[in-house]
Amino acid sequence: MVKFAPLFLPWERRLQTLAVLQWIFSFLVMSQVCVVVFVGLLFTRFWLFSVLYTAWWYLDGDKPWRGGRRNQALRESVVWRYMKDYFPVSLVKTAELDPSRNYLAGIHPHGVLAAGSFLNLCTESTGFSKLFPGIRPHLMMLSLWFRSPFFRDYIMSGGLVTSDKESAAHILNRKGGGNLLGIIVGGAQEALNARPGAYKLLLRNRKGFVRVALMHGAALVPVFSFGENDLFDQIENSPGCWLRWTQNRLQKIMGISLPLFHGRGIFQYSFGFLPYRRPITTVVGKPIEVQQVVQPSREQVDELHQRYIHELCNLFEAHKLKYNVPADQHLEFC
């Protein structure tokens, strides 16, 4: 039976829903729309616009690999405040971050669309700059999305950069410090595990971010978003079933995963592609000091990786009861 939304709701709630709707549109279809517009303009009297943009694109092509182009006005847009209040999303600091250092933050879990990571690091809706003064946050995203005209400029404005070693090196080697690079360690593949009550992380064999931290001497910061996996339901895709096999194959081919998720609708609460109104609390842990090793050995990487897992587990256990995680629930790694 369909559960319809009330006819009369405060405008505040309607604006919150609208803000989330535009975000869903942006990250599901806006890239494709931008490509169609770019090509379509070539066959109209506005063809010069696409030609000029092509010239700009050529000159500016490496920008996503060189720290991106943040736009503070867009980061502080009221749209993100409405989106934050929809869930709501909050950011919790457990330790200070020295603005004279550079940091690499491992973020868990990915969730379906990484809503918490986006709001905390790519907008000012949760007050990142006030909580961590002097720290400029960046968030890594698949390089594929930066090959879309117009869309690349939009996502760079929030602080998104490519998920390549070159991009990480540019940010973590900046003199003077004050940079935080966020990596959603489980990546697109972990999204296939995202469902309410799930705490399975793809981390056991994900050691590349640890190697990067060692190579650049960047302190490692464990970050966990409680509630990130609760925003959507997902069609059953247990490991070994035909659906999961198909999703894994597509992920290897395209680089992006295709979780078959569903949530609520705009005018009813029973089905749709909007996330549920469930809180997300992102807890930023204490930095793990890392000594720079230009060419780290496997043993050094493994040792730091185990220490990182230990600190992440401690962070989860210390805060889980505050955010309605059962006492007998622990992190699982695969």
Side-chain angles (χ1 to χ4, degrees), residues 12-13 16 20 80-98 103-133 135 137 139 180 182-186 190-191 193-204 219-234 261 263-264 274-288 306-334:
E12 188 82 5
R13 287 178 65 88
Q16 292 168 5
V20 173
W80 307 127
R81 180 175 63 80
Y82 282 118
M83 180 178 167
K84 181 262 296 184
D85 291 340
Y86 173 93
F87 297 100
V89 178
S90 55
L91 184 63
V92 176
K93 177 175 73 173
T94 64
E96 297 291 339
L97 297 184
D98 182 357
Y103 300 89
L104 194 156
I107 302 172
H108 314 270
H110 183 286
V112 172
L113 295 178
S117 302
F118 173 80
L119 284 170
N120 284 310
L121 297 185
C122 299
T123 80
E124 290 296 336
S125 61
T126 58
F128 184 95
S129 294
K130 294 179 180 178
L131 278 177
F132 301 103
I135 303 294
L139 180 64
L180 181 142
I183 299 179
I184 306 178
V185 179
E190 190 176 80
N193 295 328
R195 51 177 41 86
Y199 296 97
K200 181 181 290 186
L201 306 180
L202 267 68
L203 183 57
R204 183 174 296 164
L220 274 173
V221 182
V223 179
F224 195 90
S225 287
F226 292 90
E228 184 70 60
N229 281 343
D230 298 335
L231 305 187
F232 295 96
D233 290 311
Q234 190 170 168
F261 65 92
R264 49 156 289 191
L274 285 179
Y276 299 119
R277 285 181 178 266
R278 293 171 181 169
I280 302 172
T281 304
T282 300
V283 183
V284 180
K286 181 181 178 180
I288 302 170
Q306 287 302 313
R307 184 181 173 193
Y308 177 84
I309 289 178
H310 177 72
E311 293 297 331
L312 177 63
C313 288
N314 287 344
L315 182 70
F316 179 81
E317 296 295 331
H319 295 273
K320 67 180 183 181
L321 295 180
K322 302 175 189 176
Y323 307 116
N324 302 317
V325 178
D328 60 350
Q329 179 69 65
H330 308 286
L331 291 179
E332 299 179 54
F333 301 103
C334 58

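The structure presented is a predicted model; accordingly, all values stated were derived computationally and were not measured.
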How close do S125 and K84 get, heavy atom to heavy atom, and via which atoms?
O-CE, 3.2 Å
Tell me every residue that passes side chain to side chain contact (heavy atoms under 4.5 Å, CB included) with A327, counting only those two or more places apart in sequence or in another chain.
L321
Return the CG to OG1 distance between N120 and T126, rounded to the nearest 0.5 Å.
4.0 Å
Any side-chain to backbone donor/acceptor pair from Q234 onto A191? Under 3.5 Å, distance only.
yes
For a 4.5 angstrom cut-off between non-hydrogen side-chain atoms, does Y86 reach P275?
yes
Flag side-chain contact, heavy atom, 4.5 Å: D98 against Y103
yes
Taking every heavy atom of S225 against every heavy atom of P109, the minimum-distance pair comes out as O-CD, 3.5 Å
Using side-chain heavy atoms (C-beta onward) and a distance below 4.5 Å, is E124 in contact with W80?
no
Check the angle between the aromatic planes of F132 and F128 and answer parallel, tilted or perpendicular using the 30° and 60° thresholds.
tilted
Drop me the distance from T282's OG1 to I107's CD1, to the nearest 0.5 angstrom.
8.0 Å
Find the distance between CG (L220) and CG (L312) and round it off to the nearest 0.5 Å.
11.0 Å
Between atom CZ of R81 and atom OG1 of T123, what is the distance when rounded to the nearest 0.5 Å?
12.0 Å
Please give me the minimum heavy-atom distance between P222 and K286, naming the atom from each residue.
CD-O, 3.5 Å
Shortest non-hydrogen contact between N229 and A198, atoms and distance:
ND2-O, 2.9 Å
Between L121 and L180, is there a side-chain heavy-atom distance shorter than 4.5 Å?
yes
For a 4.5 angstrom cut-off between non-hydrogen side-chain atoms, does H319 reach T94?
yes
Passes side-chain contact (heavy atoms from CB on, under 4.5 Å), L331 versus L201? Steps please.
CA-CA 7 Å; L331 291 179; L201 306 180; 4.2 Å; yes
Partners passing side chain to side chain contact (heavy atoms under 4.5 Å, CB included) against H310 (at least two apart in sequence or in another chain):
N314
Any side-chain heavy atom of V92 within less than 4.5 Å of one from Y323?
yes
What I'd like to find out is whether the side chain of F232 reaches to under 4.5 Å of the side chain of L113, using heavy atoms alone.
yes
Side chains of V284 and K93, heavy atoms from C-beta outward: is any pair under 4.5 Å?
no
Gap between atom CD1 of I184 and atom NE2 of H108 - 0.5 Å precision:
10.0 Å
Taking side chain to side chain donor-acceptor pair (under 3.5 Å) as the definition, give me every residue that meets it alongside D233, ordered by chain and number, with sequence neighbours left out.
Y276
I need the I280 CD1 to F87 CZ distance, nearest 0.5 Å.
5.0 Å
Nearest heavy-atom contact between Q329 and E317 is O-OE2, 4.1 Å
Would you name the heavy atoms of R277 and R264 that are closest together and state the gap between them?
NE-NH1, 3.7 Å
